[in-house]
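It should be emphasised that the depicted structure is a prediction, and the values quoted were computed from it without experimental measurement.
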Amino acid sequence: MLGWWVVVGLAWAGGSDTERTLDTAGAALDAGAFDDVITLVHPLDGARARLLEAVAQYELGELRAAERLAAAGLAIDPSDAGLLVLHGLVLADLGRGDEAIGPLAAAISSADRAGDAALGVRARLHRGLVDEDQGHPERARTWWTEARTRASAAALPDLAAEATALLAGLDVHGATDLVGRVADALRRGDTAAAHGALEASRPGRRGATRAAIARGMVARADGRLDDAADLLKAAVVGAEAGGLLREASAARLELAQVLVVGGAVDEARTVLADALQRVGGSSLAVREADLRLALGRLEVRAGHADAAAAQLEAVRRVVAGLDHPAFGPAVRELGGMVRAAQGAPADGSAELLAASAAWTALGFHADAARAGAEAVRTAAVSGRGVDAARAVALAAFEAAHDPRGPIHVALSAGLGATEARRTDEALAAFAEALRRARAVDDARLVAVAEHDLAEALVVLGHDRGAVDGLSDEALQDAVARHARFLAARKAFDAGRRAFDAGQWSQARTSFSDAVRDFDGLGEERALREARRGRAWSTYNLAVASEPLMAVALLDGLAGEGEAVGDGDLSVRVEASGAIAAGRAGVQGAASRLRAAAPRAVAGGMPGLAARCWAGLSELPIDLDDRVAAARSAFRLDPKDVGAWAVYGVAVAAYRADALELARTLVDEVGRQDGELGEGIDALRRAATEALGVP
């Protein structure tokens with residue numbers, strides 16, 4: 001965000017301590033020291049303090065905190081134009097664009113009446129963002145052009161530059177932000193430019209999230225799928241934690257593409273459906289359209305023609321009022337795929353070729369290549385126009401500077417011929433793809449070609465004798481390997497179904513079978529996911545078991561969370577194992593509980609930490625230690641676990657004749673409802689009577 005100092009101001013008349021602190025905070029904001037701003041102004045009251053704190057939280061990518069603070073400031077001064085501008089921006093970023101229009105309109109009117117050119121420009125810039133999100137770039141262009149004119153007239157070069165950058169972003173290849181520049185370069189097939197666009201993370205959650213998305217996109221283009229998946233999953237988690245809806249949807253969209261390339265189509269569909277659930281109904285219409293288009297393409301790949309058709313109709317409704325140029329070819333591409341899936345491959349291929357031409361006209365060569373490859377596949381199904389489709393696709397790959405184009409085209413032809421049950425064509429196409437992949441030494445595409453050829457042999461009904469007759473021993477191995485891979489996937493899917501149904505023991509068994517086979521195949525990514533499924537199944541089985549069994553199961557999971565890259569699992573296993581050890585009376589339980597509690601807090605699980613401290617307070621240790629543990633639980637959970645823990649120790653103190661301590665403890669708990677409240681009241685009366693004091 002450029003130029004926030006012009007809204008907040010760096011100095012104010014007067015010399016009070018509060019004004020000097022606000023002055024210092026304004027300077028820190030201008031320097032990008034956002035954490036310092038929060039530290040300085042958090043203890044202060046007043047609308048301006050809330051504005052400074054809200055801006056700092058916004059810049060750090062903590063949108064929920066920024067909205068809360070902006071609303072608190074407006075409760076103090078509903079007419080504060082700076083707060084109105086910021087509140088409108090945050091609402092827009094949260095996907096609540098309709099709500100954002102009111103505050104932004106009020107800010108524009110207020111700024112214009114007061115002659116505050118900087119604030120009026122800023123409000124207009126944000127108002128344009130709402131229109132862009134909702135799919136009306138020409139309306140956004142009007143706001144941003146007016147903002148640039150006003151900024152130039154008022155000699156505000158930073159704001160004029162920001163308006164110019166936003167206007168450039170409306171052009172087909174005019175992206176100016178980090179993720180947009182990388183995406184634009186990759187769509188043009190310019191991987192060198194994509195690498196060159198990468199930059200160091202900026203401060204805060206937003207900067208780290210956008211950098212992770214950009215790096216994940218480049219890693220996918222480089223073929224480093226595991227790196228890409230890890231980066232994009234981290235981006236999803238970070239974006240969700242801060243309420244960054246745009247970034248979260250972008251990260252999920254990119255993650256789905258990585259999963260598809262890695263062969264995990266079902267998982268990719270789940271990721272996209274999850275993203276749609278969050279974006280649907282928001283003002284981010286452009287994001288919703290992108291997600292629906294991607295999900296529709298995957299539904300076709302998964303063989304779900306009806307589901308793909310439903311997404312096509314949904315996306316047509318979403319884009320009906322939008323005028324983004326890319327949606328025309330995108331919808332046409334999905335329409336061609338759906339038409340082919342519904343039994344008209346020749347018609348579908350014609351639509352896909354038209355879409356490819358439209359992508360090429362926009363300069364989106366990577367998209368044109370994707371549509372062209374799909375046209376090859378559908379033409380191969382119908383058996384008509386394959387050569388023409390192949391020529392279009394190869395030209396698009398060449399324009400995208402992708403030397404792997406002939407491999408992708410051959411694979412597409414093979415898949416189409418397999419679907420049409422034309423054995424010779426399918427095997428010839430896959431053999432060509434395999435030969436070309438080996439020639440360019442692309443291990444991933446070699447594996448894809450071997451996998452697709454092996455699957456084709458299975459689909460086409462080749463028996464073991466036909467496989468043994470293959471001249472290429474590598475293909476014989478590929479067929480055998482594919483059969484084992486299918487068995488592993490079947491076990492994994494069975495584990496997932498059992499897990500979703502809460503059948504932990506069955507899920508654990510199925511995931512274990514998948515782990516064994518994926519391990520034998522050297523499928524590292526699939527192995528990690530299967531191990532993760534097995535670990536969570538075991539964890540859920542453990543926490544539902546009696547304490548001694550739970551200890552045995554959870555101790556067996558030690559280190560598994562780190563092995564599968566799941567920090568949440570690691571924290572839960574350690575804490576739940578310590579709690580179970582305490583309940584079972586296992587030696588060393590007290591030490592385990594003391595170690596697990598702070599780690600649960602650090603892992604963002606205060607409730608689990610409270611249960612650890614509560615478990616420690618129940619052990620036969622020194623009474624002072626029990627009191628300290630119960631109070632720690634109470635600080636973390638004063639209404640449930642912590643309150644019961646303090647009450648339990650108060651009962652122990654009463655029985656130990658520590659009457660003053662017992663009364664102090666129940667007073668600390670205060671008023672409670674239900675059975676706990678009745679117990680506290682009874683204990684307070686008993687301790688008071690025993691002490692003989694009022």
Side-chain angles (χ1 to χ4, degrees), residues 60-63 175 177-275 278-279 287 290-291 294-295 298 366 402 442-444 447 523-532 561-570 603-604:
L60 287 170
E62 304 294 343
L63 263 63
D177 66 293
L178 171 61
V179 174
R181 291 196 307 274
V182 170
D184 186 51
L186 292 177
R187 294 181 88 173
R188 288 183 282 109
D190 193 343
T191 54
H195 276 276
L198 294 178
E199 59 187 39
S201 299
R202 297 185 180 182
R205 190 186 299 280
R206 178 185 283 103
T209 299
R210 289 181 175 174
I213 294 172
R215 292 188 185 115
M217 294 163 69
V218 172
R220 174 175 66 84
D222 289 343
R224 296 180 286 111
L225 300 186
D226 286 344
D227 290 344
D230 290 343
L231 285 163
L232 293 166
K233 286 177 181 178
V236 169
V237 172
E240 288 288 350
L244 299 169
L245 187 58
R246 285 192 189 88
E247 286 79 1
S249 63
R252 282 191 170 90
L253 183 59
E254 293 300 327
L255 177 59
Q257 293 188 54
V258 171
L259 293 170
V260 169
V261 174
V265 176
D266 286 343
E267 189 178 349
R269 288 167 60 225
T270 300
V271 167
L272 291 175
D274 191 28
R278 287 165 168 77
V279 172
R287 299 282 180 179
D290 286 338
L291 290 166
L295 183 56
L298 287 192
D402 189 344
D442 190 316
R444 183 181 66 81
E523 292 281 347
E524 294 184 8
R525 184 175 171 280
L527 172 62
R528 184 173 58 185
E529 291 302 311
R531 285 180 66 180
R532 184 170 179 269
E562 288 83 357
V564 299
D566 194 329
D568 183 66
L569 176 64
S570 295

Which pairs would a plain distance check flag for residues 223-236, meaning a side-chain donor or acceptor within less than 3.5 Å of a matching protein atom at least two apart in sequence or in another chain?
unit_1, atom_1, unit_2, atom_2, d
Arg224, NH1, Asp227, OD2, 3.3
Arg224, NH2, Asp222, OD2, 3.3

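- Closest non-hydrogen pair, Val564 versus Arg532, comes out as CG1-N, 3.8 Å.
- In the model, Thr209 has no side-chain atom that pairs as donor or acceptor with a side-chain atom of Glu247 under 3.5 Å.
- Considering every non-hydrogen atom in both Gly561 and Leu569, the closest pair reads CA-CD2, 4.0 Å.
- Counting heavy atoms from C-beta outward, Glu529 and Glu524 have side chains that stay 4.5 Å or more apart.
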Check: Passes side chain to side chain contact (heavy atoms under 4.5 Å, CB included), Arg252 versus Asp274? Steps please.
Finding: CA-CA 8 Å; Arg252 282 191 170 90; Asp274 191 28; 3.3 Å; yes
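- No donor-acceptor distance shorter than 3.5 angstrom exists from the side chain of Ser249 to the backbone of Ala275, with no hydrogens or angles considered.
- Between Gln257 and Met217, every side-chain heavy-atom pair lies at or beyond the 4.5 Å cut-off.
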